[in-house]
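Below: one structure, written as structure tokens.
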Amino acid sequence: MDEHRRTSRDRAGLSREKVLDAALDLVDQVGAEGLSMRKLGAALGVEAMTVYYYVPSKDALLAGLVERVTTRTFTVDPKAGWEETLRDYACSFRRELLRHPGVAPLVATHPVTTPDALRMLEAAAGLLRASGFGLREAFHVINTVGTFTTGHCLAEIDPPGGTPPELPDLDPATVLNVTEAVQDGLGTPQDHQARFDFALEALINGFTQALAGRSAE
């Protein structure tokens, strides 16, 4: 039996990475709630039990999806400053979440604890500490940027299979500013981008002031 299962896995040409990529594709179509080992096995052309060899449980699969999205978004360039690194991280993280909207709720609710994700977190904390942030401050910065980016994406994406909400009828006599803002593009993809950039710069400026205040003590 074991030899048969091993031969089946080898013949399928699978790996953990291929399984997670297939799961990402499936979640993009049906959302995290529609993901199951049976559906994933069917998408890969194998039985569900084969999938369990690469991801031992549904929770491990979900954690792997979060890892797959988050670890693609952070690299440490020794020549880049912490501000540029944070900008690159936030922007690439947002792009990845927008590419995989079904994973965004998982990122918001599942802590990242896989080895690759922890190595990424360690590298980010090391860069910030080397730039003058304290130990806990470094993790506060990382958490703030990650939480902001995730929340922003949750607000701007439509879940897979969902119906985009319709804009309400606006009466300028009672909500003049809201009406004018909507007419000016509030809520459009361009507005989402501008709002993200504005808020990200405000965060980084705040971190810069906090670091300057810490250095002056």
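The first residue in the sequence is number 1, and the count goes up from there.
Nearest approach of Leu128 to Ala138, heavy atoms of both residues: CD1-O, 3.4 Å. In plain terms, the two heavy atoms of Val69 and Val103 that are nearest each other are CG2-CG1, 3.8 Å. Residues Thr150 and Ala108 approach most closely at CG2-CB, 3.8 Å, considering heavy atoms. Shortest non-hydrogen contact noted between Thr71 and Met120 is CA-SD, 3.9 Å. Listed here is the closest heavy atom pair of Ala23 and Leu40: N-CD1, 3.6 Å. The two residues Ala32 and Val27 have their closest heavy-atom pair at N-CG1, 3.8 Å.
We find that Arg38 and Glu47 are not joined by a salt bridge, their nearest charged nitrogen and carboxylate oxygen being 4.0 Å or further apart. Taking 4.0 Å as the cut-off between side-chain N and carboxylate O, Glu96 and Arg99 count as a salt-bridged pair.
When the side chains of ILVMFWY residues are joined at heavy-atom separations under 4.5 Å, either directly or via intervening members, Leu176 and Val182 end up in two distinct hydrophobic clusters. A continuous path of hydrophobic side-chain contacts links Tyr52 to Leu65 [ILVMFWY only; heavy atoms under 4.5 Å]. In the hydrophobic clustering of ILVMFWY residues, with side-chain heavy atoms under 4.5 Å counting as a link, Phe198 and Phe196 come out apart. A single hydrophobic cluster is seen to contain both Phe93 and Leu203, as judged by linkage of ILVMFWY side chains at heavy-atom distances under 4.5 Å, directly or through other members. Cluster membership check: Leu106 shares its hydrophobic cluster with Val30, using side-chain heavy-atom separations under 4.5 Å among Ile, Leu, Val, Met, Phe, Trp and Tyr.
Atoms CD and CG, on Glu84 and Asp88 in that order, are 5.5 Å from each other to the nearest 0.5 Å. Going from atom NE2 of His140 over to atom CD1 of Ile142 covers 11.0 Å, rounded to the nearest 0.5 Å. Here the CG-CD1 distance, from Leu211 to Ile204, works out to 13.0 Å after rounding to the nearest 0.5 Å. Separating the CG atom in Leu44 from the CG atom in Leu26 is a distance of 9.0 Å, to the nearest 0.5 Å. The distance from the CG atom of Leu127 to the CG atom of Leu86 is 7.5 Å, given to the nearest 0.5 Å. Distance check: Thr179 OG1 to Asp171 CG gives 7.0 Å after rounding to the nearest 0.5 Å.
Counting heavy atoms from C-beta on, the side chains of Ile157 and Leu97 never come closer than 4.5 Å. Under the 4.5 Å side-chain criterion, counting only non-hydrogen atoms from C-beta, Glu156 is not in contact with Gln193. In this structure the side chain of Arg68 never reaches within 4.5 angstrom of the side chain of His100, judged on heavy atoms. Put simply, the side chain of Glu67 does not reach to within 4.5 Å of the side chain of His110, judged on heavy atoms. Residues Val145 and Phe207 meet the side-chain proximity criterion, which asks for heavy atoms closer than 4.5 Å. At a threshold of 4.5 Å between non-hydrogen side-chain atoms, the residues Leu62 and Leu35 count as touching. You'll find the side chain of Phe139 stays beyond 4.5 Å of the side chain of Asn143, heavy atoms only. Residues Met37 and Met49 fail the side-chain proximity criterion, which asks for heavy atoms closer than 4.5 Å.
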| message | Please evaluate residues Thr149 and Cys91 with respect to the criterion side-chain contact (heavy atoms from CB on, under 4.5 Å), reporting the C-alpha separation (whole Å), side-chain torsions for both, the decisive distance (0.1 Å), and the verdict. | response | CA-CA 8 Å; Thr149 304; Cys91 292; over 6 Å; no

| query | Where do Val55 and Val51 land on the side-chain contact (heavy atoms from CB on, under 4.5 Å) test, with the steps shown first? | reply | CA-CA 6 Å; Val55 280; Val51 177; 3.7 Å; yes

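In this structure, Glu137 contributes its side chain and Gly134 its backbone to a donor-acceptor pair below 3.5 Å. Between the side chain of Lys39 and the main chain of Gly34, a donor-acceptor pair closer than 3.5 Å is present. Ser92 contributes a side-chain N or O that, together with a main-chain N or O of Tyr89, makes up a donor-acceptor pair within less than 3.5 Å. A donor-acceptor pair under 3.5 Å links the side-chain atoms of Thr188 to the main chain of Gly185, judged by distance alone. No donor-acceptor pair closer than 3.5 Å links the side chain of Thr50 to the backbone N or O of Val46.
Taking a 6.0 Å sphere around CD of Glu33, one finds it holds 12 or fewer heavy atoms contributed by other residues, nucleotides or ligands.
Aromatic ring pairs are classed by plane angle as parallel below 30°, tilted from 30° to 60° and perpendicular above 60°; the pair His152 and His192 is perpendicular.
With 3.5 Å as the limit, one finds no donor-acceptor pair spanning the side chains of Arg195 and Gln190.
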